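A quick write-up on the structure given underneath.
Note that ligands are numbered from 1 as they come in the structure, with each ligand's atoms numbered from 1 the same way. The structure presented is a predicted model; accordingly, all values stated were derived computationally and were not measured.
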Amino acid sequence: MSQKHVIALHGGAGVNPDRDYAEVEEHLGVLVHVCEAMLADGEDAIDTVEHAVAQMEQSGLYVAGRGSAPNGAGIVECDAAIMDGARLRAGGICAAPGIALPIRAARAVLEHTPYVLLAGEGARAFAIERGMELVEEPDAHYRLPVGVEREETLRLDEGLAHGTVGAVALDRNGALAAATSTGGLLGKRAGRVGDTPITGIGNWADSEVAVSCTGIGEAFIYAGGARTLAAHVALAGESLDQAGQALLHAVARHGGDGGLIAVDRSGTVTMPFNSAGMKRALAGSELQTVVRIL
Ligand code: ASP
């Protein structure tokens, strides 16, 4: 067992400087500490990132899980993906209604099916089959994330308002994992799916790196996404920082903005963004804990 372990979290790209994110900062600070302690105790990276994302989904403080907003048809559809770099196996769900903790359903797809992604009602039927918690009363369950007004969820013409949560980890055995979950774009068209649940785009982990992205999903798809970052490191020999910046430049060239968190097997971390802020946190065995919004 190696000694080094790292956890990085994000609560989505894009921050409004006029809003008070104290509750989000406190939540991220406590959660990153809990996850760091799990890894220090020998917990696997895959279980740690699943726990981290489930906690963020449950909190309702971010645009994921409980904090997701309804789409243009008035229904909350969630996307999530998780990947175990040690086994090179992934699972995801997309455009899925009524699943309380989407990342748990994504993990079940990884563990209990030969598939990578289940969509819509099929994803929900699978979650029911696995005995997962469902959202019986959407009006009582969902709450808008910190500072978001209901009207904002319908202002797609004024720019794409969005949010996501994600976690990447390196465990003491040297295994890497990534998990990402989103309610997507606020007021999105029914059935719209972005980068988050697509393995290799919004989320990726292999034996070298783990990556979780946030931002305008369409631009991340055009830019090649998380696996492109991994290829820049593995094939072009770039540093994690350089590869992260290269991906965000490509996202900008495609008219998007956002950010990402990534960790490699040596424990190096990068958390770049070209959006106005990115809620983020970092902790590890040889690292100073970081919790930042802007
Ligand atoms: N990437 C997400 C999506 O496009 C949104 C976000 O990260 O804020 O669905």
Exercise for the section: For Asn274, check side-chain hydrogen bond (donor to acceptor under 3.5 Å, both in side chains) against everything at least two apart and list the hits. Expected result: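 Scan of Asn274 (side-chain hydrogen bond (donor to acceptor under 3.5 Å, both in side chains), adjacent residues dropped) gives none.
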Practice task
For atom CZ of Arg104, decide whether the heavy atoms of other residues, nucleotides or ligands shown that lie under 6.0 angstrom number more than 12.
Solution key: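 More than 12 heavy atoms, drawn from other residues, nucleotides or ligands, come within 6.0 Å of this atom.
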Practice task
Could you see which bit of Arg192 sits under 4.0 Å from ligand 1, with heavy atoms only: side chain, backbone, both or neither?
Solution key: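 Only the side chain of Arg192 comes within reach of ligand 1.
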Practice task
Just let me know how Thr196 lines up against ligand 1, side chain, backbone, both or neither, with a heavy-atom cut-off below 4.0 Å.
Solution key: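 Thr196 to ligand 1: side-chain contact only, backbone stays beyond 4.0 Å.
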Practice task
List every atom of ligand 1 that sits less than 4.0 Å from any heavy atom of Thr214, numbering the atoms from 1 in the order shown and giving each element.
Solution key: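 Reading through ligand 1 atom by atom, the close ones are 6 (C), 7 (O), 8 (O).
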Handout entry: N-O pairing of Asp47 and Arg107 below 4.0 Å
Key =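 Answer for the salt bridge query: yes.
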Practice task
Considering only NZ, NE, NH1 and NH2 on the basic side and carboxylate oxygens on the acidic side, decide whether Glu111 and Arg130 come within less than 4.0 Å.
Solution key: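 No, Glu111 and Arg130 are not salt-bridged.
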Problem - Distance flag, aromatic centroids of Tyr62 and His27, threshold under 6.0 Å - result: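 So the answer is yes for these two rings.
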Problem - Between Asn203 and Thr180, a side-chain donor and acceptor under 3.5 Å - result: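 Side chains of Asn203 and Thr180: pair found under 3.5 Å.
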Handout entry: Any side-chain donor near an acceptor of the partner, Ser239 and Asp241, under 3.5 Å
Key =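 The criterion, which ignores hydrogens and geometry beyond distance, is not satisfied for Asp241 and Ser239.
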Is any N or O atom of [X], backbone or side chain, closer than 3.5 Å to an N or O atom of ligand 1?
| X | value |
| --- | --- |
| Ile216 | no |
| Asp79 | no |
| Thr164 | yes |
| Asp195 | yes |

Handout entry: Contact check, Ala13 vs ligand 1, heavy-atom distance below 4.0 Å
Key =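 Not so, Ala13 does not reach ligand 1.
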Handout entry: Residue-ligand contact Gly215/ligand 1, heavy atom below 4.0 Å
Key =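 Yes, that is the case, since the closest heavy atom of the residue is under 4.0 Å from the ligand.
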Handout entry: Identity and separation of the nearest protein heavy atom to atom 8 (O) of ligand 1
Key =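 Answer, as residue, atom name and distance: His162 ND1, 2.5 Å.
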